[in-house]
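Taking it in order: structure first as structure tokens, then the write-up.
We name chains A, B, ... by the order of the sequence lines, and we start the count at 1 in each one.
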Amino acid sequence: MAEPIIRMENIEKHFGKVIALAGVSVDVLPGECHCLLGDNGAGKSTFIKIMSGVYTPTAGEIHFDGAPMNFDDPRDAIDAGIATVHQHLAMIPLMSVSRNFFMGNEPLKRIGPLKFFDHEKANKITMDEMRKMGISLRGPDQAVGTLSGGERQTVAIARAVYLGAKVLILDEPTSALGVRQTANVLATIDKVRKQGIAVVFITHNVRHAMAVGDRFTVLNRGQTFGTARRGEITADELQDMMAGGQELVELEGSLGGTV
Amino acid sequence: MAEPIIRMENIEKHFGKVIALAGVSVDVLPGECHCLLGDNGAGKSTFIKIMSGVYTPTAGEIHFDGAPMNFDDPRDAIDAGIATVHQHLAMIPLMSVSRNFFMGNEPLKRIGPLKFFDHEKANKITMDEMRKMGISLRGPDQAVGTLSGGERQTVAIARAVYLGAKVLILDEPTSALGVRQTANVLATIDKVRKQGIAVVFITHNVRHAMAVGDRFTVLNRGQTFGTARRGEITADELQDMMAGGQELVELEGSLGGTV
Amino acid sequence: MSDASNVTPEVDERIKTRSRFREALIRPELGGIVGTAVVFALFLLFAFDSGMFSSQGVLNWSQVSAQFMIIAVGACLLMIAGEFDLSVGSMIGFAGMIIAIFSVTLGWPVWMSIILTFALCIAIGALNGFIVVRTGLPSFIVTLAFLFILRGFTIYLPQTIERKTIIGGISDAAEGDWLAFLFGGTLFKGLFQWLGDQDIIETFTRGAREGQPVVDGIPMLIVWAIALVIFGHILLTKTKFGNWIFASGGDAEAARNSGVPVNRVKVLMFMFTAFCATVFATCQVMEFGSAGADRGLLKEFEAIIAVVIGGALLTGGYGSVIGAALGALIFGVVQQGLFFAGVESSLFRVFLGVILLAAVILNTYIRRMITGER
Amino acid sequence: MSDASNVTPEVDERIKTRSRFREALIRPELGGIVGTAVVFALFLLFAFDSGMFSSQGVLNWSQVSAQFMIIAVGACLLMIAGEFDLSVGSMIGFAGMIIAIFSVTLGWPVWMSIILTFALCIAIGALNGFIVVRTGLPSFIVTLAFLFILRGFTIYLPQTIERKTIIGGISDAAEGDWLAFLFGGTLFKGLFQWLGDQDIIETFTRGAREGQPVVDGIPMLIVWAIALVIFGHILLTKTKFGNWIFASGGDAEAARNSGVPVNRVKVLMFMFTAFCATVFATCQVMEFGSAGADRGLLKEFEAIIAVVIGGALLTGGYGSVIGAALGALIFGVVQQGLFFAGVESSLFRVFLGVILLAAVILNTYIRRMITGER
Amino acid sequence: EGEKYVLVSHAPDSDSWWNTIKNGIALAGEQMGVEVEYRNPPTGDIADMARIIEQAAASAPDGIITTLADYDVLQQPIKNAIASGVDVIIMNTGSAEQASEVGALMYVGQPEYDAGKAAGERAKKDGVTSFLCVNHSIQQPTLVDRCQGFADGLGVELGNSMLDSGADPAEIKNKVQAYLSANPDTDAVLTLGPVSADPTMLALQDNGMAGDIYFGTFDLGEEIVKGIKDGVIEWGIDQQPFLQAYLPVVILTNYHRYGVLPGNNINSGPGFVTADGLEKIEQFAGEYR
Ligand SMILES: Nc1ncnc2c1ncn2[C@@H]1O[C@H](COP(=O)(O)OP(=O)(O)OP(=O)(O)O)[C@@H](O)[C@H]1O
Ligand SMILES: Nc1ncnc2c1ncn2[C@@H]1O[C@H](COP(=O)(O)OP(=O)(O)OP(=O)(O)O)[C@@H](O)[C@H]1O
Ligand SMILES: [Mg+2]
Ligand SMILES: [Mg+2]
């Protein structure tokens, strides 16, 4: 088995009076799709925000590529090769798609001693990448605010993939998406994983998780129920764990077991 | 069969250059759960916003309880008995739960010739209703901003149910919810329906729709594919229709048919 | 919902305890209360024997504070409703000038002039609000435009009509007018005379008014301030409309979807702000007997500062009228107190800036506690 | 992704067509361009023979516009980065006063005084920015506090040190100073003399300077304005940092998550605004030779107005330096043009308000088109 | 016939005293059959005023009448205007020497510092040893000059005696009261115009010092005249703004039409207005007085 690219150990995070994470350990292998599951408020977003340098953990250690790491800033994580698509989109509505696409990673060209934003290159790449994802833009300077939610989500994912990360973190990318868009995103995850990139995929939908996941970690109230490999666990078991380990017999009964 | 409580006929809605709805007809019966399905940007939210008086249609007719109706303002719709939980939450983070709960429908008490907001009553009802939904608040004056997304969603639904609507519209109430919260919401829909209230339920999740839906209307690019009764259609057929009528053979293949 | 009971006890496992005391502290007025206490403590310490706390001294800073309060109440409700009004200062100048033109130049009865001025100014407030809600422009810009427009007219009108920019003689015109008394009069004169006779409050020891009490009653200005604060407080916290004000400022879209008539609320609040500015102007004109084109300069900022010191959120949806009133009190006490304490008067601005900064930082800290450190 | 091709053609079926012409129109500067055209057309029509378009007249409104431009560039970038600065006007007064105190009262060389003043003012700008990013307070409040603090010191310092509120004699001190020339000098004197000799531009007809051209060169003020506009425009549209400015103002949280150092960007923009204000002040002091406590009053509003007329969004994330420069040009031309046209000067404010309102409504309409009518 | 004259002042446009000036030029314009304009920097920023003088020169009038509120700032624009063929008369602030230095035809006005000093000397004679100077627009150098002059005339330090009162009447009133109750041994109050004088009078009436404390003021106005009549105000320094505006227009017109020019500068003030002979003043205060 490959060395984990990220190893998070005993991560804790407190927000004032709220204990969002109470010691969670997870490792992510290159080329795997690691699903992070759990109830609302379980701490999934907080956990991956620590991974991507948005928060610094209150306690715990992060090892990246074997070496201990301390991300003070999202920039550090991005530079190290961790691309994140946050739950609440990291897109700026008033800016053009191409400016958004390269936000924080602008391609540069030299003119004399000075470096300028290479708009041509940015525009071309943006159009190409978006076309690959099945979205045709009016132009690279179309404002993101004019795109539908699904389209925006796709831009965000395309950006993260394009920027050539070693780890791609997706926080509930499919929650607002229609069936076709969801299929598209899942296919993208599949493709990315096959290129040897590690994917961390957060979802509430067991079926989506089962479709692409290699390993599954369930968080509950800031703690982990452990990690299971694909095949070691059934969809129903996963479902139960995500609901906090209680069996939802009663509800299931009245609703015909279709949740 | 009962008379429809709402009949929407040939509804059109244009936003500037965008044609969001191009003539959609749907009717909703009392006591049924009518699922509205469709791709991102199909026009579902726009459609129910017309139902709830947020937008006035560019063309088309609305009949409520048999009589033609024209909602100019969300207030009109609320007064007529249409309660809506919008996709982007209608909660105000800085306000207390109880103020949010009764926003726009404040309980009043008379003191002399004047009417005042009856805070005591509001607080008591809020605590009770939230307890019924399985959420225990620190107090009725806790700010909504301190609740988790799932909790907020639950407040919104509890509010709509409590306010005694004849029609309850839920726009993707489950998309951001965990398994247990989802089960809770679906159970609530079930309960409400049994009280004879019409429920309009928007979702991208076929399984959620199949769990509670009595009839299913699929929108696609601003038009309707028609309405099917429960039992007339299978989950797979529905899935195909939601994806815009194309068969997702290719994707399904690579992902093992689990979307 | 049988699992409800299962959830309840667990929710708190992830919440560190927070003391009752700290809970009790977190309310929007807290900053104002603390500030008021600190300010009074400081001045009691450093300026006690300067006359600041004699009956005359008290009246002195009370009047200044009352002025701030009158406009702060309007600004506060408007700010909670999510907008603000930079034209308050110009409106004060404009309203005063219009009263003067009506009553002195045109010679109309003062009560009629006052009523018409109120109608006109409230209509301008409504126009402000109407433009804001219809175009969706930020109120900063719209009311900035009116700041200039109203001030322009305040200078232009008397200049063309009367060939002056100060119109005096309103006192004479207002003599015996019932409505003028409501703005410029003094209440409880008898009581204060009695208090003076009993040596409970000071009396003049020399000059024309020897033997009369130094403070001869409660000026209507103060009565208006208190009345408006009470009205605003009840409106905001105890009525349905108050809930709508919070909702409109917290998230206009969400409020609208819940059936709150947001546009109506906002326009009404602009009108109320204009009303408060007109009350201010009328009291001033009735007290001083003249209207000048330079009245009310910078008052819009002072109102906003009082409101913000009082704990309201500039972006709307959060605040308290009591807080704003305390903010106005702090503002007035500091301004006058510095003179009593003999601080170089041009340093007043520096103090004002520093206090503002300190107050908002304190308030932010409090608010973070309320909304859970986000 | 074989279904990509299926999607493409259908996307447009729900979009009504929009003409190429209309497409070409929608850019943030449009309001500014239209405004400039209208303003020039009007004045060419109504004030052509008033001397407004003589060489001297052109220089006059160019200088006024250049002044506005200098502060508008700073305000524009800062506003796009999502903040604004109400202390610009006070900073102008403060910077001028500090230069005067250093060079006249303390007798330091002018170049040193200028450099130290720049350092001090930029540090204050950084402090402004630091407080804003660290406390998360709205910049309206923080910079309002500094508006008062800086103005207070601008009055207090000369008052205590020199016992006056105006310090003169800087021209003498600056005689022959290399850095002073960079702010107060005049370029292309030879060229203009030649133009005058050729009778292409007017010359003085009497007095000590008979025969010399009325306009004897391009003042450094205008050079600074143009340089800053070009710098700002390139920075904003052509560099990585410009993208960061847009991102920081558009959505600070999103930008931060994407690796944009938002705090650094904002603080730097506050510093740049302070820099622009100091350039303004230095040019003014070097040209006129004195610093007064009244300098720069209301300039913060004028800068914001120019920027907003130029199409920027008050809430950040959208705007253009060229637009702001055009806004400043409109502002300057209207202000001086009204004098040329002989309009009653107190009506100037009324015009200003109306133009502001008209401009923002036009701009909003344009922006709605760009962002798809939301 | 139809000459054009522009009067440029340094006053913010809300300053009411300048009204008399506007009325003065308007009357002179009417009587002489010339075109007159009044211009001022809206905020009272003297650097802006320099631009207005440049602008006025560019619009090629026959003459400019301007104040010299800040010699450093205004000298160059005035010199340029004169060089481009416009005749200039200095009015109000400035001095005869400065006027001739910039090349103006003459000076009509009241040197502020000297006026303040004269007032101070008069007050000293009346036994005043300490005073409060209510400055309603502390940014304006001319107002500071008046206070400084008064202090020098009295022979005391200005120090904390100058009160930065702001222009709001209620604040002026209450600040004056606060100052006087914190410094009860103040002998005299000096106000610098109607803006500060009117509320100060009310303040004194309220705290019972009216008529008791020595009260002098610059510039006249309706209420000030009433105050002098009532004995609340000892004297008002009338610099006769009407003359400062009216005379330059008349002089320039006659100069341009017939080449005649008075051989000397005109001091329109300071004249001390006391309770004697107030009738005319009462009638026209704020308009022509
Ligand atoms: N900035 C913050 N300040 C205070 N509390 C926070 C903050 N961010 C998150 N929390 C709290 O921490 C807990 C975990 O939140 P988190 O967003 O990580 O949950 P999640 O697993 O992503 O939930 P969801 O599925 O709803 O997205 C919640 O109780 C939340 O209220
Ligand atoms: N206010 C608006 N202005 C312009 N276009 C709009 C507006 N609201 C919606 N649209 C457009 O109308 C179409 C339908 O939007 P709608 O929100 O109804 O879709 P939806 O079916 O709810 O999608 P989702 O599943 O993503 O929520 C989309 O193309 C959207 O971009
Ligand atoms: Mg999350
Ligand atoms: Mg939707």
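Of all heavy-atom pairs between B:Met103 and C:Ala247, the closest is SD-CB, 3.3 Å. Contact record, C:Lys240 with B:Phe117: N-CB, 3.9 Å, taken as the closest heavy-atom pair. In this structure, C:Asn257 and B:Pro74 approach most closely via the heavy-atom pair O-CB, 3.9 Å.
Here C:Thr239 contributes atom OG1 and B:Phe116 contributes atom CZ; the two are 8.0 Å apart, rounded to the nearest 0.5 Å. To the nearest 0.5 Å, atom CG of residue B:Leu163 and atom OG of residue C:Ser258 are 9.5 Å apart. In this structure, the separation between OG1 on C:Thr315 and CG on B:Leu94 is 7.5 Å, given to the nearest 0.5 Å. Here CZ of C:Arg256 is found 11.5 Å from NE2 of B:His86. Values are rounded to the nearest 0.5 Å. Atom CH2 of residue C:Trp244 and atom CD of residue B:Glu106 lie 6.5 Å apart, to the nearest 0.5 angstrom. Remark: C:Lys238 NZ to B:Leu114 CG distance equals 14.0 Å, nearest 0.5 Å.
A 6.0 Å sphere centred on CZ of C:Phe241 holds more than 12 heavy atoms belonging to other residues, nucleotides or ligands. Around NZ of B:Lys109, the count of heavy atoms belonging to other residues, nucleotides or ligands within 6.0 Å exceeds 12. Within a 6.0 Å sphere centred on CZ of B:Arg75, other residues, nucleotides and ligands contribute more than 12 heavy atoms.
A donor-acceptor contact shorter than 3.5 Å links the side chain of C:Asn243 to the backbone of B:Arg99. Although no hydrogens or angles enter the test, the distance criterion places a donor-acceptor pair under 3.5 Å between the side chain of B:His119 and the main chain of C:Thr237.
Looking only at heavy-atom pairs under 4.5 Å with chain C, the residue among B:Leu108, B:Ile92, B:Val144, B:Val54 that has the most is B:Ile92.
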